[in-house]
Undergrad: 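I'd like to ask some things about the structure below.
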Amino acid sequence: MSWLPLEGIKVADFSALIPGPFATAILSDLGADVIKVEPPGGDSGRSLLPAVFHATNRNKRSIALDLKHPDAKPVIERLARWADIVIESNRPGVTGRLGIDYASLSALNPRLIYCSLSGFGQNGPWRNKPGHDIGYVGASGGLSYPGSWLGKPARSSIPIADMQGGSFGTIAILAALHERGRNGKGTELDLSLYEAGLFCAALRHGIGEHTDPRAHIWPVNDLFETADGSVLILGIVEQHFWESFRAAVGDLAPELADPKFDTDPSRRKHGDELSRLLKKLFLQKTARQWHDLLEPQDVPIELPMTPAEASRTEYARAREAVAEVDGERHVLFPLWANGRRAGALRRGTPALNADGRAVLQELGFAHDDIERILRSAAARGAAGVRGAAGV
């Protein structure tokens, strides 16, 4: 049996694309009931980022609503009374025009925890700036320093501010739930994706004026090209791992026995030379040959994998990291608690408005009202009307 600590918690999710759905994916994995409110044409992530949409919207129910149409108002009001949590990711000011802002919804439900995820927050001089992850990360310091000893700053394939922003949103929501347990009151949460990037960059690099651009990296903790054109991931930081590595490759690279490479400060001082020697060394064998040579010697070494490959390893099977339902495979929240896997895959990714009728019935609407609301959403969707999420 899985650990589902959020069973009974109800979430109305008005967000789109990555940060908000990432946050509610965590909540839903841990047992929360998440209703995803989409515009009649669907969350734009369905077409822009189909793989991400598929992964971040499992375990949720979908209802399509045109938030600008009068038929949506009673649905919004009942969702506000039903929910413990509301999350949205519109630009500042949009929710007020749509009637899904904190002031409107908390008046209906004072216990509501309301989380806004936006690029630059709900106030301040940048609140109306447009943006995406690469801008948040770069402008907050995450692209100022290299990730490799001889490399230049490079963008990660993982959207750091978006996903960390979603994670921080989840943490804030859980903190607010804890506080509500004490005082019975809801909370308005305002989370900036830019600040999420700044928080990460500052914890990694500090905010001093004269930061060493290589303080966070090591010449022996890097990626190296191999003879077969692949890449080897060498993860040495501690001295004993360096000693194990140097002993394992001694015959192939006698230059590494030079005393100037004996200690970490000295390896850093001579890091350019050491990095070039290692690059030359690793071109002598294939990635697999290096892995097979070094792993038995207790050297932190890995071969790169795609997420699909990683999801099929013996590790993933032993840790029950991947679950399947209705032919869909998903990686679950990465935790065990009291010997049980945290999270469960209860349902796959919903089709647009797949649960509209059931949700409206659950909210107590009469049959004729349900039919009218569904017809309205279908008509607006067919006409290509774009909803508010992602504005």
Side-chain angles (χ1 to χ4, degrees), residues 49 51-52 55 133-134 137-138 142-164 200-201 204-205 213-258 261 264 267-268 270-319 321-322 329 331 334:
L49 300 163
V52 176
D133 181 81
I134 189 170
V137 173
L143 294 178
S144 296
Y145 306 117
S148 294
W149 191 264
L150 293 176
K152 296 179 180 180
R155 178 185 185 180
S156 169
S157 69
I158 297 173
I160 297 168
D162 280 354
M163 289 188 166
Q164 281 297 97
C200 293
R204 178 62 164 161
H205 304 294
R214 287 177 170 175
H216 62 294
I217 53 177
W218 288 262
V220 289
N221 185 277
D222 216 332
L223 310 179
F224 296 93
E225 185 178 354
T226 55
D228 56 339
S230 186
V231 171
L232 192 72
I233 305 164
L234 185 65
I236 294 174
V237 175
E238 295 85 356
Q239 182 67 21
H240 67 279
F241 287 134
W242 170 250
E243 297 295 345
S244 297
F245 171 75
R246 191 157 62 169
V249 301
D251 294 339
L252 296 169
E255 305 93 336
L256 298 182
D258 192 311
F261 301 135
D264 180 64
R267 287 193 293 276
R268 285 180 171 277
H270 301 282
D272 289 4
E273 180 184 354
L274 176 56
S275 184
R276 292 188 181 100
L277 286 173
L278 292 174
K279 286 179 181 294
K280 181 179 178 182
L281 169 66
F282 284 117
L283 287 171
Q284 295 182 33
K285 295 180 181 291
T286 67
R288 173 57 64 181
Q289 287 171 334
W290 280 118
H291 182 272
D292 293 347
L293 171 65
L294 295 172
E295 188 179 53
Q297 306 304 315
D298 197 36
V299 175
I301 201 87
E302 296 292 344
L303 299 175
M305 295 187 198
T306 65
E309 291 168 339
S311 73
R312 291 184 169 88
T313 60
E314 60 180 7
Y315 175 94
R317 289 192 296 272
R319 293 279 293 178
V322 180
R329 298 174 70 248
V331 176

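Position 1 is the first residue of the sequence; numbering continues from there. Every value quoted in this text rests on a predicted model; they were computed, and no experiment measured them.
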Undergrad: Can you check side chain to side chain contact (heavy atoms under 4.5 Å, CB included) on Arg312 and Met305, steps first, answer last?
TA: CA-CA 10 Å; Arg312 291 184 169 88; Met305 295 187 198; over 6 Å; no
Undergrad: What's the separation between atom NZ in Lys279 and atom CG in Leu223, rounded to the nearest 0.5 Å?
TA: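 Result: 8.5 Å between the selected atoms.
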Undergrad: Hey, could you give me the CZ/OG distance between Arg214 and Ser148, rounded to the nearest 0.5 Å?
TA: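 Between atom CZ of Arg214 and atom OG of Ser148 there are 10.5 Å.
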Undergrad: With a 6.0 Å cut-off (strictly less than), is the heavy-atom count around CZ of Arg155, excluding the residue itself, greater than 12?
TA: no
Undergrad: For Ser311, is there any backbone N or O sitting under 3.5 Å from a side-chain donor or acceptor partner on Arg329?
TA: yes
Undergrad: Between Leu234 and Asp222, is a side chain to side chain contact (heavy atoms under 4.5 Å, CB included) present by the stated rule, with each step listed?
TA: CA-CA 5 Å; Leu234 185 65; Asp222 216 332; 5.9 Å; no
Undergrad: Decide side-chain hydrogen bond (donor to acceptor under 3.5 Å, both in side chains) for Trp149 and Asp272; before the verdict, give the C-alpha distance in whole Å, the side-chain angles of both, and the deciding distance to 0.1 Å.
TA: CA-CA 7 Å; Trp149 191 264; Asp272 289 4; 3.0 Å; yes
Undergrad: In Å, rounded to the nearest 0.5 Å, how long is the span from CG of Leu303 to CD of Glu295?
TA: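 That separation rounds to 8.5 Å.
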Undergrad: Give a yes or no on whether the backbone of Thr286 and the side-chain of Gln289 come within a donor-acceptor separation of less than 3.5 Å.
TA: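 Side chain of Gln289 to backbone of Thr286: a pair is present.
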Undergrad: Taking the side chain as C-beta and beyond, is there a heavy-atom pair between Val249 and Leu256 under 4.5 Å?
TA: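 A side-chain contact under 4.5 Å exists here.
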Undergrad: Compute both the distance and the angle, then confirm whether Arg267 meets the cation-pi test with Trp218: under 6.0 Å from the six-membered ring centre, within 45 degrees of the axis.
TA: no
Undergrad: Verify side chain to side chain contact (heavy atoms under 4.5 Å, CB included) between Leu232 and Ile301, making sure each step is shown before the conclusion.
TA: CA-CA 7 Å; Leu232 192 72; Ile301 201 87; 3.4 Å; yes
Undergrad: Mind checking the CD-CG spacing from Glu243 to Asp298? Nearest 0.5 Å is all I need.
TA: 13.0 Å
Undergrad: Name the residue from His216, Lys152, Arg204 that meets the side chain to side chain contact (heavy atoms under 4.5 Å, CB included) definition with Tyr145.
TA: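 The residue from His216, Lys152, Arg204 that satisfies side chain to side chain contact (heavy atoms under 4.5 Å, CB included) with Tyr145 turns out to be His216.
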Undergrad: Can you confirm whether Glu255 sits close enough to Leu281 that some side-chain heavy atom of one is under 4.5 Å from a side-chain heavy atom of the other?
TA: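 They are not in side-chain contact.
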Undergrad: What's the verdict on side-chain hydrogen bond (donor to acceptor under 3.5 Å, both in side chains) for Thr226 and Asp228, showing C-alpha distance, side-chain angles and the deciding distance?
TA: CA-CA 6 Å; Thr226 55; Asp228 56 339; 2.5 Å; yes
Undergrad: Measure the CZ-CG distance between Arg246 and Asp258 for me, rounded to the nearest 0.5 Å.
TA: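 Arg246 atom CZ to Asp258 atom CG measures 8.5 Å (nearest 0.5 Å).
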Undergrad: Is it true that a side-chain atom of Asn221 and a backbone atom of Val237 form a donor plus acceptor pair closer than 3.5 Å?
TA: no
Undergrad: Which atom pair, heavy atoms only, marks the closest approach of Gly151 to Pro146?
TA: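 Heavy-atom minimum between the residues: O-CB, 3.3 Å.
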Undergrad: Given 3.5 Å as the limit, does a donor-acceptor pair link the side chain of Ser244 with the main chain of His240, or not?
TA: yes
Undergrad: What are the two closest heavy atoms between Leu294 and Ala248, and how far apart are they?
TA: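 Scanning both residues completely, I find the closest heavy atoms to be CD2-CB, 3.8 Å.
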Undergrad: Could you tell me how the ring of Phe224 sits relative to the ring of Phe282: parallel (under 30°), tilted (30 to 60°) or perpendicular (over 60°)?
TA: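 Rings of Phe224 and Phe282: tilted, 30 to 60°.
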Undergrad: Between Glu309 (side chain) and Thr306 (backbone), is there a donor-acceptor pair under 3.5 Å?
TA: yes
Undergrad: State, to 0.1 Å, how close Leu274 and Pro219 come at their nearest heavy-atom pair, and which atoms those are.
TA: CD2-CG, 4.0 Å
Undergrad: Using modelled atom types and a 3.5 Å cut-off, is there a donor and acceptor pairing between side-chain atoms of Ser156 and backbone atoms of Ile158?
TA: yes
Undergrad: Is any side-chain heavy atom of Val220 less than 4.5 Å from a side-chain heavy atom of Leu278?
TA: yes
Undergrad: Checking Val299 against Trp290 for the side chain to side chain contact (heavy atoms under 4.5 Å, CB included) test, could you report, in this order, the C-alpha distance in whole Å, the side-chain angles of both residues, the deciding distance, and whether it holds?
TA: CA-CA 11 Å; Val299 175; Trp290 280 118; over 6 Å; no
Undergrad: Please report the closest heavy-atom contact between Thr313 and Ala310, naming both atoms and the distance.
TA: OG1-O, 3.0 Å
